[in-house]
Number of protein chains: 2
Amino acid sequence: MTAPSADVRTDAFVAALARAGQRVTLPRQAAARLVAARIGHFTAAQLMEDAEAAGEPIGRATVFRALDLFASLGLVERVDLPDGNHAFVVCRAVHHHHAICTRCGRSVDISDASLGEALAAVERQTGFRMTAHRLELFGLCAECAASGVR
Amino acid sequence: MTAPSADVRTDAFVAALARAGQRVTLPRQAAARLVAARIGHFTAAQLMEDAEAAGEPIGRATVFRALDLFASLGLVERVDLPDGNHAFVVCRAVHHHHAICTRCGRSVDISDASLGEALAAVERQTGFRMTAHRLELFGLCAECAASGVR
DNA sequence: ATGCTAGTTGATACTGTGTCTCATATGGAA
DNA sequence: TTCCATATGAGACACAGTATCAACTAGCAT
Ligand SMILES: [Zn+2]
Ligand SMILES: [Zn+2]
Ligand SMILES: [Zn+2]
Ligand SMILES: [Zn+2]
């Protein structure tokens, strides 16, 4: 169960763009590469810094547009950090949630399965008809927990 | 099971301030009154408009500080709307979650109970040690669903 | 009641995020 | 290679949230 390499993930991004009939532009490829190289969650600002540092700066508007596009294709997902900041994580397309390490930022995809019944129960109790939900789990990953600090 | 009136909720806010050893200032009382009068979720900007409209304007910084204070006392809670905006909802102090109507903004408190076991399972599977989580449910409340539109 | 003081307020300035516009550049099809 | 619909990015903008600091006030001591 080796995690896919950054190259493979970059290719997946590019392939997804083409499949969706979206142009594979240089800035989008650069963004894909930078996103794929990221370990945990990241903000739009961080991605811009990455681009700068990699010697291929991308305009601010383009970064936001690329991230929105990736999100609309299900390649990344927006998460709201506990401090209120907005970030993104790489992820699979099917609906699921994220466990995010508050120390290193690493995120693990969590199945939505366990929530289904709980959600139905809430609908029965409240009369609400749910159309969307957001579940974000924060804590320490095994590595960070083992290393003791914080 | 009548919902508490705005007056009662205002008093609860003021009482909570005093109990916590916080000063009961005029702007804080005004903010408490305005928050208590709100039906669903609201933003800091909306609360400022409310204050303006009520003829007792409150400085922007003070609104943010009052809301932070209320949140630290568990009187309100920050929620992240699906559109990425930050808002607040009135709520009880014990940990729980919110079902929020995307049409009228009304929110219903949801018990955390159903999540406990699911959370433990995730910890077992991922090795994460969870320290916090956020669950927000979005949909249409019974009234809005009944009224048909959207 | 009066004064005192630590805590609070709010005008202002500032940072940072995200959006909009539009002239220029370019991907990809023909 | 040509062409044009689409994408880019500089710069201006709108807005959220924070920092500063002189003026004010709640609550306590007298
Ligand atoms: Zn994911
Ligand atoms: Zn970690
Ligand atoms: Zn609540
Ligand atoms: Zn509703």
Side-chain angles (χ1 to χ4, degrees), chain A residues 13-35 41-52 54-73 75-89, chain B residues 13-35 41-52 54-73 75-89:
Chain A
F13 273 52
V14 171
L17 282 177
R19 198 181 323 124
Q22 296 287 339
R23 286 197 187 171
V24 181
T25 66
L26 256 15
R28 285 176 181 172
Q29 286 176 272
R33 208 174 317 123
L34 294 171
V35 168
H41 56 72
F42 57 91
T43 64
Q46 284 176 322
L47 209 65
M48 258 190 299
E49 286 168 26
D50 287 1
E52 198 86 35
E56 41 191 355
I58 310 179
R60 177 213 288 271
T62 302
V63 167
F64 279 99
R65 287 187 287 229
L67 287 173
D68 285 348
L69 177 58
F70 292 165
S72 76
L73 296 179
L75 301 172
V76 302
E77 192 168 319
R78 277 188 73 143
V79 295
D80 289 294
L81 269 18
D83 65 7
N85 283 119
H86 296 154
F88 293 83
V89 290
Chain B
F13 271 54
V14 171
L17 281 177
R19 198 179 324 126
Q22 295 289 339
R23 286 198 187 171
V24 180
T25 65
L26 256 17
R28 284 175 182 173
Q29 292 181 68
R33 209 172 316 123
L34 295 171
V35 168
H41 57 72
F42 57 91
T43 63
Q46 283 176 323
L47 208 66
M48 257 190 298
E49 286 168 26
D50 288 0
E52 197 86 33
E56 42 191 355
I58 310 178
R60 176 214 289 272
T62 302
V63 167
F64 279 99
R65 287 186 288 230
L67 287 173
D68 285 349
L69 178 57
F70 293 165
S72 76
L73 296 177
L75 302 171
V76 302
E77 192 168 318
R78 276 188 74 144
V79 295
D80 289 295
L81 269 18
D83 64 8
N85 283 109
H86 296 155
F88 293 84
V89 290

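The sequence lines fix the lettering, A, B, ..., with proteins before strands; numbering per chain opens at 1. Computed from a prediction, not measured in an experiment: that's the story for all the values here.
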>> Determine whether a donor-acceptor pair (one donor, one acceptor, N or O, separation below 3.5 Å) exists between the side chain of A/Arg60 and the base of C/dG18.
In response: yes
Rounded interatomic separation in angstrom, taking [atom1] from [X] and [atom2] from [N]:
| X | N | atom1 | atom2 | result |
| --- | --- | --- | --- | --- |
| B/Asp68 | C/dT9 | CG | P | 12 Å |
| B/Asp83 | C/dT19 | CG | C1' | 14 Å |
| B/Asn85 | D/dC15 | CG | P | 12 Å |
| A/Glu49 | C/dT17 | CD | P | 9 Å |

> Which comes earlier along DNA chain C counting from the 5' end, the contact point of A/Ala61 or that of A/Ala45, where each point is its nearest nucleotide?
Replying inline: A/Ala45
> Closest nucleotide of DNA chain D for B/Arg78 versus for A/Ile58: which of these residues is on the 5' side?
Replying inline: A/Ile58
>> With a cut-off of less than 4.0 Å, is there a side-chain N or O of A/His86 near OP1 or OP2 of C/dG18?
In response: yes
> Which heavy-atom pair separates B/Arg23 from B/Leu17 by the least distance, and what is that distance?
Replying inline: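 Minimum heavy-atom separation between B/Arg23 and B/Leu17: O-CD1, 4.3 Å.
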> Looking at B/His41 and B/Gln46, what are the two nearest heavy atoms and their distance?
Replying inline: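 Taking B/His41 first and B/Gln46 second, the nearest heavy atoms are O-OE1, 4.1 Å.
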>> If you apply the rule side chain to side chain contact (heavy atoms under 4.5 Å, CB included), what do you find for B/Arg60 with B/Val63, and how did you get there?
In response: CA-CA 5 Å; B/Arg60 176 214 289 272; B/Val63 167; 5.8 Å; no
>> Classify the ring geometry of A/Phe42 against A/Phe88: parallel below 30°, tilted from 30° to 60°, perpendicular beyond 60°.
In response: parallel
> Of all the choices, C/dT19, C/dG10, D/dG9, which nucleotide is nearest to the side chain of A/Arg65 once you look at every atom?
Replying inline: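 From the listed options, D/dG9 comes nearest.
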>> Would the distance check show the side chain of B/Arg78 and the main-chain N or O of B/His86 forming a donor-acceptor pair, the cut-off being under 3.5 Å?
In response: no
> To the nearest 0.5 Å, what is the distance between OG1 (A/Thr25) and CD1 (A/Ile58)?
Replying inline: 8.5 Å
> At what distance, to the nearest 0.5 angstrom, does CD of B/Glu52 lie from CG of B/Leu34?
Replying inline: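 Spacing of CD (B/Glu52) from CG (B/Leu34) equals 11.5 Å.
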>> If the test is side chain to side chain contact (heavy atoms under 4.5 Å, CB included), which one of B/Val35, B/Val89, B/Asp68, B/Leu69 qualifies with B/Val76?
In response: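 Checked B/Val35, B/Val89, B/Asp68, B/Leu69 against B/Val76; only one passes side chain to side chain contact (heavy atoms under 4.5 Å, CB included): B/Val35.
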>> At under 4.0 Å between heavy atoms, how does the protein contact nucleotides 25-30 of chain D? Give one character per nucleotide, 5' to 3', with B, S or -.
In response: BBS---
> Using the C1' atoms of the five pairs at each end, what is the angle between the end axes of the helix from C/dA1-D/dT30 to C/dA30-D/dT1, to 10°?
Replying inline: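 Overall, the helix from C/dA1-D/dT30 to C/dA30-D/dT1 bends by 30° from one end axis to the other.
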